[in-house]
Peer 1: 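Pasting a structure here, questions to come.
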Amino acid sequence: MFEWLKQPWFWGAISAVAAVLGFLFTHLIGKRRFRYWRLQRVLDAERSFYSAIAAPRQGGSEPLAEGITQRYVASVDQGLVGVSQLSPTTPREAKEQLRRLISNLRATHQTLVTAIEPFSLADAKQFFEGFEGFSQKLQTLYYGGNIPHDARTHCGEIKEVISELDRQLQGWRDISSLRYLVENDRDVIVPMMVEVLERAQTEMLLIAQSIRGGNLTKAVILKERFWFEAKSFYIQLTASLSKMGSLVTRL
């Protein structure tokens with residue numbers, strides 16, 4: 001039994017198969033590594049190019065965040081300054097309302113950061129291997145023009161909290177002014193979020209088309225162009241989120 005295990009031809013065949021499998025494995029892995037190395041060079045070159053200039057290319061896409069979007073984010077930042085300047089002796093009830101206020105404001109900022117974050121990646125391999133997951137996540141945040149309830153700030157809740165705070169605090173104009181900024185979800189918050197999420201989703205679709213077409217270099221170029229337009233806005237949003245976290249801890 002198993003006499004063939006003693007035959008030279010058997011072990012010769014095993015060695016040949018192992019050699020072929022080893023060659024194929026090395027070839028495929030090496031090819032994959034070279035592809036990511038090449039794409040990383042494209043990404044680095046694009047990022048270096050954009051870092052060397054002060055404004056988006058002429059004739060390129062419209063800036064990501066202007067007008068109402070910038071006013072909203074700046075007003076939220078000013079409101080956070082107001083929270084940070086409140087006295088340590090602020091009543092406990094007011095602090096609870098302030099935590100509720102910050103949590104509500106945080107929703108919109110976090111959604112926008114999540115939508116833009118994949119474009120910030122400086123690692124080509126990480127971006128492409130995670131691309132499907134990034135796309136699916138964006139669809140949960142914005143699909144068919146709809147934004148989930150928990151994914152955005154709501155004016156009714158903001159005004160309710162501020163009305164409660166009005167009865168407990170004095171001299172806090174920066175926070176109180178937020179009620180006028182979010183007077184109506186459909187006038188401020190929704191249009192602002194749609195502007196950003198539509199752009200991010202459009203860029204994701206264009207990149208997906210390039211990937212399906214086998215043009216990964218074009219996909220990298222599209223990614224970096226959008227990141228250049230979104231970078232300053234993304235940094236502003238993440239800085240605000242960091243402030244929110246610090247303030248909630250202090251309250």
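Start at 1 with the first residue, then count along the sequence.
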Peer 1: Kindly determine whether Leu138 and Tyr143 satisfy side chain to side chain contact (heavy atoms under 4.5 Å, CB included), including the steps that lead there.
Peer 2: CA-CA 8 Å; Leu138 182 55; Tyr143 183 77; over 6 Å; no
Peer 1: Looking at CE of Met204 and CD1 of Ile211, how far apart are the two atoms once the value is rounded to the nearest 0.5 Å?
Peer 2: 9.0 Å
Peer 1: Tell me, please, which residues at least two apart from Arg92 pass side-chain contact (heavy atoms from CB on, under 4.5 Å).
Peer 2: Glu96
Peer 1: Identify each donor-acceptor pair in which a side-chain atom of residues 104-111 lies under 3.5 Å from a protein atom, sequence neighbours left out, and give them as a table.
Peer 2:
residue: Asn104; atom: OD1; partner: His154; partner atom: N; Å: 3.0
residue: Asn104; atom: ND2; partner: Glu157; partner atom: OE1; Å: 2.5
residue: Arg106; atom: NH1; partner: Leu241; partner atom: O; Å: 3.4
residue: Thr108; atom: OG1; partner: Thr153; partner atom: N; Å: 2.8
residue: Thr108; atom: OG1; partner: Thr153; partner atom: OG1; Å: 3.1
residue: Gln110; atom: NE2; partner: Thr114; partner atom: OG1; Å: 3.3
residue: Thr111; atom: OG1; partner: Ala107; partner atom: O; Å: 3.1
residue: Thr111; atom: OG1; partner: Ala151; partner atom: O; Å: 2.5

Peer 1: For a quick test of reading the model, state the closest non-hydrogen atom pair linking Pro118 to Ala115 and the distance between them.
Peer 2: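 Looks like CD-O, 3.6 Å.
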Peer 1: Can you tell me if Ser240 uses its side chain to pair, donor with acceptor, with the backbone of Gln236 under 3.5 Å?
Peer 2: yes
Peer 1: So do Leu112 and Met192 actually touch side chain to side chain, heavy atoms under 4.5 Å?
Peer 2: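 Met192 reaches Leu112 side chain to side chain.
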Peer 1: Is any side-chain heavy atom of Trp227 less than 4.5 Å from a side-chain heavy atom of Glu46?
Peer 2: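 Not touching, per the 4.5 Å side-chain cut-off.
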Peer 1: Listed by chain and number, what are the salt bridge (charged side-chain N to carboxylate O under 4.0 Å, His left out) partners of Glu198, not counting sequence neighbours?
Peer 2: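 Salt bridge (charged side-chain N to carboxylate O under 4.0 Å, His left out) check on Glu198 returns nothing, list empty.
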Peer 1: If I take atom CD1 from residue Ile189 and atom CD1 from residue Ile147, how far apart are they, to the nearest 0.5 angstrom?
Peer 2: 9.5 Å
Peer 1: What verdict does the side chain to side chain contact (heavy atoms under 4.5 Å, CB included) test give for Glu229 and Arg199, after you've listed the backbone C-alpha separation in whole Å, the side-chain angles of each residue and the deciding distance to 0.1 Å?
Peer 2: CA-CA 11 Å; Glu229 296 172 0; Arg199 280 293 311 280; 2.7 Å; yes
Peer 1: Under the side-chain contact (heavy atoms from CB on, under 4.5 Å) test, which residues partner Thr140, sequence neighbours left out?
Peer 2: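 Expected list: Lys137.
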Peer 1: Okay, side chain of Thr90, backbone of Leu86: is any donor-acceptor separation there less than 3.5 Å?
Peer 2: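 It does not hold such a pair.
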Peer 1: Who pairs with Arg100 by side-chain hydrogen bond (donor to acceptor under 3.5 Å, both in side chains), at least two apart in sequence or on another chain?
Peer 2: Glu160
Peer 1: Under the criterion side chain to side chain contact (heavy atoms under 4.5 Å, CB included), I'd like the reasoning laid out for Phe226 against Ile207: C-alpha separation, chi angles, the key distance, then a yes or no.
Peer 2: CA-CA 11 Å; Phe226 181 68; Ile207 291 171; over 6 Å; no
Peer 1: Run the side chain to side chain contact (heavy atoms under 4.5 Å, CB included) check on Gln97 and Ile162 step by step: do they pass?
Peer 2: CA-CA 8 Å; Gln97 292 296 335; Ile162 291 177; over 6 Å; no
Peer 1: Just distance, no hydrogens or angles: give the donor-acceptor pairs under 3.5 Å from side chains in residues 243-251, sequence neighbours left out.
Peer 2:
residue: Ser246; atom: OG; partner: Ser242; partner atom: O; Å: 3.2
residue: Thr249; atom: OG1; partner: Gly245; partner atom: O; Å: 3.0
residue: Arg250; atom: NH2; partner: Ser84; partner atom: O; Å: 3.4

Peer 1: What's the separation between atom CD in Gln201 and atom CG in Leu141, rounded to the nearest 0.5 Å?
Peer 2: 10.0 Å
Peer 1: Excluding sequence neighbours, so at least two apart, what forms ring pair (Phe, Tyr, Trp, His ring centres under 6.0 Å) with Phe134?
Peer 2: none
Peer 1: When rounded to the nearest 0.5 angstrom, what distance separates CG in Leu43 from CG in Leu39?
Peer 2: 8.5 Å
Peer 1: How long is the gap from CG on Leu237 to CZ on Phe233, to the nearest 0.5 Å?
Peer 2: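 If we round to the nearest 0.5 Å, Leu237:CG and Phe233:CZ are 4.0 Å apart.
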Peer 1: Who pairs with Glu117 by side-chain hydrogen bond (donor to acceptor under 3.5 Å, both in side chains), at least two apart in sequence or on another chain?
Peer 2: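 Glu117 satisfies side-chain hydrogen bond (donor to acceptor under 3.5 Å, both in side chains) with Tyr234 only.
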Peer 1: Report the residues that fulfil side-chain contact (heavy atoms from CB on, under 4.5 Å) with Ala74, sequence neighbours left out, ordered by chain and then residue number.
Peer 2: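 Listed in chain order: nothing, the list is empty.
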Peer 1: Identify, with sequence neighbours excluded, every residue that meets side-chain contact (heavy atoms from CB on, under 4.5 Å) alongside Asp123.
Peer 2: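 Expected list: Gln40, Lys125, Gln126.
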Peer 1: Kindly write out the residues that satisfy ring pair (Phe, Tyr, Trp, His ring centres under 6.0 Å) with Phe127, not counting sequence neighbours, or none if the list is empty.
Peer 2: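 Scan of Phe127 (ring pair (Phe, Tyr, Trp, His ring centres under 6.0 Å), adjacent residues dropped) gives Phe131.
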Peer 1: Pair up each side-chain donor or acceptor in residues 213-223 with any protein partner under 3.5 Å, not counting sequence neighbours, and list the distances.
Peer 2:
residue: Asn215; atom: OD1; partner: Lys218; partner atom: N; Å: 3.0
residue: Thr217; atom: OG1; partner: Arg38; partner atom: NH1; Å: 3.2
residue: Lys223; atom: NZ; partner: Phe119; partner atom: O; Å: 2.9
residue: Lys223; atom: NZ; partner: Leu121; partner atom: O; Å: 2.7

Peer 1: If we ignore hydrogens and angles and just use 3.5 Å, is the side chain of Ser210 paired with the main-chain N or O of Leu206 as donor and acceptor?
Peer 2: yes
Peer 1: Mind checking whether Val194 and Val190 have side chains closer than 4.5 Å, heavy atoms only?
Peer 2: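 Side chain of Val194 against side chain of Val190, heavy atoms only: contact under 4.5 Å found.
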Peer 1: Between CZ of Phe49 and CD of Glu224, what distance do you get to the nearest 0.5 Å?
Peer 2: 12.0 Å
